[in-house]
Asks: 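Here you go, one structure.
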Amino acid sequence: MNSISIKSFILSIIFVAFLLEGYIFYNFFENSKNTISKLLQTSIQADVLNLKHFMEKNLKQKDINFIASHVDNIIIINPTIEDIHILDNSQNIIYHANIRYEGHNHTSQRCMPISKIINTNIFTQECYSFSIKTFHGLQTKYYYANVYIDKAYTHGLITQQIRKILIAFLVSAFIFILFLWILSKIYLITPLEKLRQYAYYSHNPPKNFFVKEIESIRYSLNMTFKRLQQEQEELYNLSTKDPLSGLYNRLSLIEKINWLIAKSKRDKSEFAIIFLDLDNFKNINDSKGHEFGDKILLHISKVLLKTTRENDIVARLGGDEFVVILPDFTDENTIIEIAQRLKETLATPFEIEDEEYQITASMGIAIYPKDGRDVQTLLKNADIAMYKSKELGKNNFQFFTNAINKAVQEKIAMQQLIKNALQENHFKLYYQPKVDIQTKKIVGCEALIRLIDPVKGVIPPYKFIGIAEENKMIIPLGEWIIQEAVSQIKKWAKTPLKDIKVSINLSAIQFQDPELLQKIQKYTQDIERKKLDIELTESVLIKHFKERLNVIKGIKKLGISLSLDDFGTGYSSLSYLKDIPFDTLKIDKSFIDNIYTKDDLTFINMIVGIADDLHLNVVAEGVETKEQLKLLQEIHCKEYQGYLCSKPVPPKKFEELFSLHCV
Ligand code: C2E
Ligand code: CA
Ligand code: CA
């Protein structure tokens, strides 16, 4: 259906009302015309009857002049009657009054008998007639009279009436329209226009309206806008705030940093970004569950908000990563002060579920524009600095520097390299002979890993083992090493190298794998396990001694032999030798490096003595010179390993070496 405007609607109503009023006024006019007509008719009728009676009574003895004054009188008194003609029997006018319209000629043809006056239209009928019967003795005489209507007068009456009614009609119509218009303007059009504007712009809500329906629309609109605003706020919060902490999320953080960059560019000012990562949060989350972890995160968020200044911006990037932006600071000391305060307040113990906890954070700081001119670089560099502060022992903060950046970049690149190398099989095991000092025969070897990068060539383990340990990649890598060494033992089983004992190194991190023992058992099921030796350093035994001791004993139980690597360095607790069923002691290279005379041998001698007493094999590591070897021989050290015989070499090369006697 086509809609029409409220104005057109009201105009239509006015038009209809106008027609209606017109109709009413027309009827009113007709009625009043009838009434006038009736009045005129009765007055004419009365006058005529009066005249007729007067004439019948007087015409027989009085002459016409006597009658004439009476007739004239009637005409004067009754303005509707213009003229009266008295006619004799032969239709000759014996008298006519016509005082006002002298000389006016009337014809009698159109005269209507006065008895029918009620049925005629007084305003159109020209004249009425009647007869007068007189008795002159026995003789009856007839006279006739024609009464002429004063048309001008009757028309005047009608016109006057029309004018009056028309004026009344127009005035009342005008007042009605005006009134209707004003009312509709005040109570409909203006409120509706206000509502329209409110609906369009949704602000400046109008006050209460008089018309109930419009008021209820206003109320509904108000409610709808309120709900919309709430929903909008909720949506805005959802898109800009982190739902857990209520802090800004990554998206709005980026927005804010971009805004700050633009502002700082204009003002030539600086701002700082503190990247904050909780220390060991993953452990809490894993051991206590996510719900508990969330409580901690909420606590941290509150602490961050409380510790920072009003203008500072606090955001949660996700997980246990937070960012604090310091939009204005006087110098680096301000940043240090705030970072220090953050460090201290975060480390303050707090209670959750009646238990006391303490959590620390590592922070990295990057400053615009010095440490980056865009969001990504700034966040990345603050993250790098944070990474460094973790590396340096956590619970601290670190400013971003180029040196840190370089080191971290190298580390990240190395992590990637290790990942790829594992997938693409770039790792190789090299083997370094262990030589029997008496017979000079190669009796065993140590498997040492190398990363053979297609671009960078051979990468030594010191460059990647630490990193692989840090990100736990050493666990899959270690598994590969075991499998690779086992497969080498299998290959050599059918060759002259069948009795060669292969040692592999096990990292402390590998003991974090709860399935380590089962895996070793599984991987070694196809070989004679006594051909495999596992070298452990004391670092393995520092933490979780009891659990690890069980695993180590389990390995030993499988038939695999155990060597204590780098003996003499680190903690060197002799109690390890008592608790752990080692087969071999490997004297660390640092002791061998310094032996030139027999006196220098004292310490090594002691170790050899202990090993002898405990019935352990002894291997001297890092033997490079014949002199060193000679001295070792003198103190009855059993085996040596070192460049003097060979560097670690690929399996093929090792097979070639085997047939030769080493020095
Ligand atoms: P490590 O277990 O003490 O291995 C002995 C290291 O001394 C080897 O270095 C070897 O090449 C080196 N070496 C032996 N004789 C001499 C010598 O006469 N002179 C000199 N200058 N060095 C000698 P490499 O292969 O670079 O390995 C370094 C360390 O990396 C190893 O120390 C070990 O802790 C670790 N590593 C190497 N391969 C593996 C592995 O497969 N698994 C694990 N977990 N660690 C490994
Ligand atoms: Ca070793
Ligand atoms: Ca060693």
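In listed order, ligands and their atoms are each counted from 1.
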Asks: Could you tell me the residue and atom name of the protein heavy atom closest to atom 41 (O) of ligand 1, and the distance to it rounded to 0.1 Å?
Replies: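 Here the nearest protein heavy atom works out to I481 CD1, 3.3 Å.
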
Asks: Give the numbers and elements of all ligand 1 atoms closer than 4.0 Å to a heavy atom of I449.
Replies: 38 (N), 39 (C), 40 (C), 41 (O)

Asks: Any idea which atoms of ligand 1 are less than 4.0 Å away from a heavy-atom of G642?
Replies: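 With G642 as reference, the close atoms of ligand 1 come out as 15 (N), 18 (O).
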
Asks: Taking the side chain from S362 and the backbone from N396, do they hold a donor-acceptor pair closer than 3.5 Å?
Replies: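 Not at all, since once roles are kept as given, no pair shorter than 3.5 Å links the two residues.
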
Asks: Is a side-chain donor-acceptor pair under 3.5 Å present for Q340 with E344?
Replies: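 Checked: E344/Q340 side chains pair up, N/O donor to acceptor below 3.5 Å.
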
Asks: Which of the numbered atoms in ligand 1 are below 4.0 angstrom from a heavy atom of E621?
Replies: 3 (O), 5 (C)

Asks: May I ask which of E484, E469, E446 has a heavy atom nearer to atom 1 (P) of ligand 1 than the others do?
Replies: E446

Asks: In the protein, what heavy atom is nearest to atom 13 (N) of ligand 1, and what distance, to one decimal place, separates them?
Replies: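 Checked against all protein heavy atoms, atom 13 (N) of ligand 1 sits closest to Y643 CE2, 3.9 Å.
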
Asks: Suppose I only count heavy atoms of P461 and a 4.0 Å limit; which atoms of ligand 1 are within that range?
Replies: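 Taking each heavy atom of P461 in turn, ligand 1 has 24 (P), 25 (O), 26 (O), 27 (O), 28 (C), 30 (O), 37 (C) under 4.0 Å.
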
Asks: Are any N, O or S atoms from S563 nearer to the Ca ion (ligand 2) than 3.0 Å?
Replies: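 False for S563.
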
Asks: Check for me whether K586 has a heavy atom closer than 4.0 Å to any atom of ligand 1.
Replies: no

Asks: Ring centres of W492 and F658 under 6.0 Å apart?
Replies: no

Asks: Side chain, backbone, both or neither: which applies to D565 and ligand 1 if a contact is any heavy-atom pair less than 4.0 Å apart?
Replies: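 The answer is the side chain of D565.
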
Asks: Got a sec: does the CZ of R450 have more than 12 other heavy atoms crowding it under 6.0 Å?
Replies: yes

Asks: Enumerate the protein N/O/S atoms at a distance below 3.0 Å from the Ca ion (ligand 3), ignoring waters.
Replies: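 Atoms qualifying: D565 OD1, D566 OD1, E621 OE1, E621 OE2.
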
Asks: Do Y576 and F567 have ring centres separated by under 6.0 Å?
Replies: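 No, the ring centres sit 6.0 Å or more apart.
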
Asks: For atom 15 (N) of ligand 1, find the nearest protein heavy atom and state the residue, atom name and distance (0.1 Å precision).
Replies: Q432 NE2, 3.0 Å

Asks: When you measure from the centre of the six-membered ring of Y643, is the NZ or CZ of K647 closer than 6.0 Å and no more than 45° off the axis?
Replies: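 Here K647 passes the 6.0 Å and 45° test against Y643.
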
Asks: Check each atom of ligand 1 against the heavy atoms of P648 and keep those under 4.0 Å away; list them by number with element.
Replies: 11 (O)

Asks: Any non-hydrogen atom of G622 lying under 4.0 Å from ligand 1?
Replies: yes

Asks: Checking a contact table here: which protein heavy atom is nearest atom 20 (C) of ligand 1, and how many Å away?
Replies: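 Ranking protein heavy atoms by distance from atom 20 (C) of ligand 1, first comes K589 CE, 3.1 Å.
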
Asks: Can you sort out which atoms of ligand 1 are near E624, meaning under 4.0 Å from one of its heavy atoms?
Replies: 17 (C), 18 (O), 19 (N), 20 (C), 21 (N)

Asks: Please say whether R450 places an N or O atom under 3.5 Å from an N or O atom belonging to ligand 1.
Replies: yes

Asks: Taking all heavy atoms of F399 and all of A385, pick out the closest pair and write down the distance.
Replies: C-CB, 3.9 Å

Asks: Is there a protein heavy atom less than 4.0 Å away from atom 44 (N) of ligand 1?
Replies: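 Yes; the ligand atom in question has protein heavy-atom contact below 4.0 Å.
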
Asks: Side chain, backbone, both or neither: which part of K647 has a heavy atom under 4.0 Å from ligand 1?
Replies: neither

Asks: Under 4.0 Å from any heavy atom of D566, which atoms of ligand 1 are there?
Replies: 3 (O)

Asks: Quick one: nearest non-hydrogen protein atom to atom 8 (C) of ligand 1, plus distance?
Replies: L448 CD1, 3.8 Å

Asks: Measure from the side-chain N and O atoms of D583 to the backbone N and O of L562, and report whether any donor-acceptor pair falls under 3.5 Å.
Replies: yes

Asks: I'd like to know if the side chain of Q641 pairs up with that of K586 as donor and acceptor (distance under 3.5 Å, no hydrogens or angles considered).
Replies: yes

Asks: Hey, is atom 39 (C) of ligand 1 under 4.0 Å from any protein heavy atom?
Replies: yes

